[in-house]
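Next up is a structure, given as structure tokens.
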Amino acid sequence: MILKEIIELLDGDILAGKEHLDKQLDKSGASDLMSDILAGLSENCVLLTGLTSVQTIRTAIIAGVGAIVFVRGKTPSDEIIKIAEQNGIPLISTPFSMFVSCGRLHARGITGLDGSR
Amino acid sequence: MAVLKKEFHIHKNDFFRAGEASISIKNLLKALGIRPQIIRRVAICGYEGEMNVVMHGGDGKIIVEICPESILLLITDNGSGIPDIPLAMTKGYSTATEKYREMGFGAGMGLPNMKKNADSFAIDSVVGEGTNVRMGFSLTSKKE
Ligand SMILES: Nc1ncnc2c1ncn2[C@@H]1O[C@H](COP(=O)(O)OP(=O)(O)OP(=O)(O)O)[C@@H](O)[C@H]1O
Ligand SMILES: [Mg+2]
């Protein structure tokens, strides 16, 4: 699926990375634990999280995450948006909960980090 | 002999900047044309170590040495040290404070993840003096 489709599916707003709407993203991980991202197969994944601290974007850069979705309508600070723009990581905000966001992506064929469904 | 050596300073509880050193190292390795699989492992190890210095250690630094066949990371701090290293290396063991748990840290996975991602890993620590973590990465390693 491409980023643009993910945004539509999640009724999301794009906060950073508008130039990456055609980016291909096929797996996702949902977590509020940085170690799940750093120890997992998180390269080019969609990271669903409720955490908007500056360490979320730093962790995503280090792990090579493909895009971040903030659930429950959370929006990160301007500083985080700036870091995301500089590092080419798209940021999305969705009004849906973590559970519903995962369900919507899973129903459309997005896999877990390890490729499982 | 290191072809290139760089040093970055890290400060206790400076969580706002924590991770910047490791991101700089990642960008440096990218500019040097190192293989992406190796860059990712070095960046993860540097970042876990950098966060540990900020969260648990003291003031310190992260030194990266790029050699013809390997990359070395040395992360040192002058913090309180680790009283029981085997315990600290155990998956799930953490003394992280509530503040860092709220940022998503404190799962007790950092040191085990560093050991897993590096081709060589050594840690030594003296209580009251500080901690050194040394990691090596072979540029010819097939590890993913
Ligand atoms: N540089 C350090 N100085 C002092 N203590 C340390 C240092 N690094 C690690 N420790 C101790 O070892 C424990 C385990 O470290 P580890 O990185 O595995 O987990 P964590 O940092 O607590 O959580 P996580 O890395 O999953 O966010 C820490 O909670 C801390 O007690
Ligand atoms: Mg840690």
Side-chain angles (χ1 to χ4, degrees), chain A residues 16-17 23-24 27-72 74 76-89 91 98 113-115, chain B residues 10 13-30 35-52 54-55 62 73 90-94 96 98-118 143-144:
Chain A
K23 188 172 190 173
Q24 184 74 29
K27 57 182 188 171
S28 180
S31 184
D32 286 348
L33 264 184
M34 295 303 130
S35 58
D36 285 345
I37 303 147
L38 291 164
L41 300 168
S42 48
E43 187 95 60
N44 206 42
C45 77
V46 179
L47 167 62
L48 297 159
T49 186
L51 283 189
T52 55
S53 108
V54 69
Q55 292 310 325
T56 303
I57 183 72
R58 296 247 165 82
T59 301
I61 295 166
I62 291 291
V65 161
I68 305 176
V69 175
F70 297 104
V71 299
R72 273 177 283 114
K74 296 211 172 179
S77 68
D78 290 347
E79 176 69 19
I80 292 172
I81 293 173
K82 196 176 102 195
I83 298 173
E85 289 287 8
Q86 282 165 354
N87 288 276
I89 299 189
L91 301 183
M98 185 81 106
L113 296 183
D114 61 1
Chain B
I10 316 171
N13 282 322
D14 185 4
F15 57 85
F16 193 74
R17 293 187 52 200
E20 283 186 352
S22 303
I23 291 172
S24 300
I25 290 172
K26 180 176 177 165
N27 290 336
L28 172 72
L29 299 181
K30 211 186 268 176
R35 274 202 294 137
Q37 295 93 325
I38 294 172
I39 297 180
R40 185 168 192 267
R41 291 196 285 119
V42 174
I44 287 172
C45 290
Y47 182 64
E48 294 275 22
E50 186 178 353
M51 286 310 303
N52 278 357
V54 172
M55 294 193 286
I62 172 163
L73 271 187
T90 308
K91 280 186 184 175
Y93 176 80
S94 174
E98 198 49 42
K99 181 173 89 178
Y100 287 106
R101 289 180 194 270
E102 280 170 10
M103 288 183 213
F105 294 92
M109 292 300 292
L111 288 171
N113 196 28
M114 288 154 83
K115 188 170 182 190
K116 187 187 92 187
N117 276 292
K143 197 160 167 170
E144 283 298 303

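Given the structure is predicted, the values throughout are model-derived calculations rather than measurements. Order of the sequence lines sets the chain letters (A, B, ...), proteins ahead of strands, with each chain counted from 1.
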**Side chain, backbone, both or neither of A:I83 within contact of chain B (heavy atoms, under 4.5 Å)** = neither

**Message:** Just so I understand: if I count every heavy-atom pair under 4.5 Å between each of B:A18, B:G19, B:P36, B:S22 and chain A, which residue has the most?
**Reply:** B:A18

**Prompt:** Within a reach of under 6.0 Å around NZ of B:K91, are more than 12 heavy atoms found that belong to other residues, nucleotides or ligands?
**Reply:** no

**Item:** Polar side-chain atom of A:Q55 near backbone of B:G104 as donor-acceptor pair, under 3.5 Å
**Value:** no

**Complete:** Of the listed B:G46, B:A43, B:G108, the one with the largest count of heavy-atom pairs under 4.5 Å with chain A is B:A43

**Prompt:** Should B:M109 and A:M34 count as side-chain neighbours, where that means a heavy-atom distance under 4.5 Å?
**Reply:** no

**Asked** Relative to chain B, which segment of A:T56 carries a heavy atom at a distance below 4.5 Å: side chain, backbone, both, or neither?
**Response** neither

**Item:** Heavy-atom closest contact (B:F16 atom, A:E79 atom, distance)
**Value:** CZ-CG, 3.4 Å

**Side-chain (B:N113) to main-chain (A:S35) donor-acceptor, under 3.5 angstrom** = no

**NZ/A:K23: more than 12 non-hydrogen atoms of other groups inside 6.0 Å** = yes

**Prompt:** For B:R17, does the CZ atom have more than 12 heavy-atom neighbours from other residues, nucleotides or ligands under 6.0 Å away?
**Reply:** no

**Message:** Surrounding NZ of B:K30 (heavy atoms of other residues, nucleotides or ligands, distance under 6.0 Å), is the total greater than 12?
**Reply:** no

**Message:** Out of A:L38, A:L51, A:V54, return the one with the most heavy atom pairs under 4.5 angstrom to chain B.
**Reply:** A:L38

**Item:** chain A contact via B:E48 - which portion, at a heavy-atom distance below 4.5 Å
**Value:** side chain

**Prompt:** What is the distance from atom OG of A:S42 to atom CZ of B:R40, rounded to the nearest 0.5 Å?
**Reply:** 4.0 Å

**Asked** Can you tell me how far CE of B:M103 sits from OG1 of A:T59, rounded to the nearest 0.5 angstrom?
**Response** 11.0 Å

**Request:** Give, for atom CG of A:N87 and atom NZ of B:K26, the distance between the pair rounded to the nearest 0.5 Å.
**Result:** 8.5 Å

**Side chain / backbone / both / neither for A:E43 at chain B, heavy atoms under 4.5 Å** = both

